[in-house]
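Remarks on the structure that follows.
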Amino acid sequence: MIANNRPDPRLAIDPAGLGLAACARPFFRRGTVAVARGLVGAWIARRWRGRWYGGRIVETEAYLGVTDRAAHSWAGRRTPRVEPMYADGGHLYVFLVYGMHSCANVVTRAEGVPEAVLLRAAEGPDGAPVRLLSGPGKLCAGLGITTGWSGRDLVGGESVRILRGRGRPRLAVSRRIGIDYAGEAKEWPLRFYDRDSEAVSVRR
DNA sequence: CACATGATCGCCT
DNA sequence: GGCGATCATGTGG
C-alpha cells in the first residue's frame with residue numbers, strides 16, 4: 001500500500017515566523033457555514049520530523065450533516081469511517097474517495113452534531129508551485145495527510161493545526177463540486193473561495 | 001478547449 | 001455489485 005505520509009518539502013513553513021496564531025476550540029464550534037467562510041484565508045499546518053509544512057486555504061465547502069444529502073452523515077449515518085464527524089468541533093475527518101485520494105475536513109459544531117468543512121484547495125508558501133494543492137486530493141497528497149489522520153484533534157496538538165490568517169480575502173460563493181447525486185442539496189451555495197487566488201480548483 | 005476514461009477500494013444497498 | 005466530496009492523461013475539434 002502507498003502510505004505517503006511525507007509532505008512536499010517545498011511546503012515547509014515557520015508558523016512562528018509567519019506570526020500566525022492557532023485557532024482555538026470556539027472557532028470550530030460555530031455554525032458550519034461561518035467556519036467554512038472563516039477558513040478561507042486561514043492556514044493548515046502539519047508537522048513532520050520536527051518541521052512544519054502548510055498552505056493558505058483558498059477554497060472550502062460546508063457539509064451540513066443529517067439534512068444534507070451530500071454529507072456522509074446524511075440521515076444520521078454513523079459508521080466507523082464517519083465517526084469523527086460526530087466529534088467536537090476542531091477535529092479532523094479524513095476519508096478516501098475513488099479508492100485513491102484522501103480528502104481532509106474540519107469538524108464543526110458540538111460533539112454529536114456531524115457537520116464538517118471540506119478543505120478543497122490551498123496555496124503553498126513562496127517557492128511552491130501555485131497549483132500544487134489545488135484540489136482536495138492534491139491538498140492531502142501535498143501535505144502527506146492520509147486517512148490515518150482521521151479523528152485527530154486540531155486544537156492544542158503537536159501534529160496538525162489551523163492557523164489564523166492575516167487579512168480578509170474577497171470571497172466568492174458557488175454550488176459544491178462533485179455531488180450531482182445529492183438531489184436538491186446540490187444547488188445549495190456552500191462552496192466558498194478566494195476570488196483572487198490562482199489555486200482555486202475549478203474555475204468557471 | 002471540451003469531454004472521456006482508467007485507476008482503485010471502502011462503503012452502502 | 002455499484003459507485004463516489006478526484007486526478008492525470010488521452011482524444012478530438
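Since the structure is predicted, the reported quantities are computational estimates derived from the model, not experimental observations. Throughout, a chain's letter reflects where its sequence line sits, starting with A, and its residues are numbered from 1.
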*Looking only at atom types and distance, does a side-chain atom of Ser150(A) sit under 3.5 Å from a main-chain N or O of Val94(A), one as donor and one as acceptor?*
yes
_Test your reading of the model: is there a side-chain donor-acceptor pair from Arg51(A) to the backbone of Trp48(A), 3.5 Å cut-off?_
no
*Between Arg164(A) (side chain) and Gly41(A) (backbone), is there a donor-acceptor pair under 3.5 Å?*
no
*Give one of base, sugar-phosphate or nothing for Leu118(A), where a contact means two heavy atoms less than 4.0 Å apart.*
base
*Atom OH of Tyr181(A) and atom P of dC11(B): how far apart are they, to the nearest Å?*
15 Å
*asked:* Please report the distance separating the C1' of dA8(C) from the corresponding atom of dG10(B), rounded so that it comes out in whole Å.
replied: 22 Å
*asked:* Whether Thr79(A) contacts dG10(B) is assessed here as follows: a side-chain N or O lying under 4.0 Å from the phosphate OP1 or OP2. Is that the case?
replied: no
*Is Gly99(A) touching bases, backbone alone, or none of the nucleic acid, heavy atoms closer than 4.0 Å?*
base
*Any side-chain donor-acceptor pair under 3.5 Å between His72(A) and Tyr93(A)?*
yes
*Provide the distance between the two P atoms, one in dT5(B) and one in dG13(C), to the nearest whole Å.*
15 Å
*For DNA chain B, what residues of residues 80-93 of chain A have any heavy atom nearer than 4.0 Å?*
Arg81(A)
*Considering only heavy atoms from C-beta outward, does the side chain of Val40(A) approach that of Tyr193(A) to under 4.5 Å?*
no
*Please determine, for dC1(B), whether a Watson-Crick or G-U wobble partner exists with both distances under 3.5 Å, and give it or none.*
dG12(C)
_For the backbone of Gly157(A) and the side chain of Arg161(A), can you confirm whether one donor and one acceptor N or O come within less than 3.5 Å of each other?_
yes
*Does NZ or CZ of Arg47(A) fall inside the cone over Tyr53(A)'s six-membered ring, less than 6.0 Å from its centre and within 45° of the axis?*
no
*Please report, rounded to the nearest Å, how far the P atom of dC11(B) is from the CE atom of Met100(A).*
16 Å
*Whole-Å P distance, dG10(C) and dT8(B)*: 16 Å
*Partner of dG2(C) by Watson-Crick or G-U wobble geometry, both contacts under 3.5 Å, or none?*
dC11(B)
*asked:* What range of DNA chain C does chain A touch, first nucleotide to last, counting atoms under 4.0 Å from its heavy atoms?
replied: dG4(C) to dA8(C)
*Answer yes when Arg176(A) and Asp68(A) have at least one side-chain N-carboxylate O distance shorter than 4.0 Å, and no when they do not.*
yes
*Verify the contact: side-chain N or O of Arg77(A) to OP1 or OP2 of dT13(B), cut-off strictly under 4.0 Å; return yes or no.*
yes
*asked:* One pair to check against side-chain hydrogen bond (donor to acceptor under 3.5 Å, both in side chains): Ser197(A) and Glu123(A). What are the steps and the verdict?
replied: CA-CA 8 Å; Ser197(A) 175; Glu123(A) 290 174 344; 2.7 Å; yes
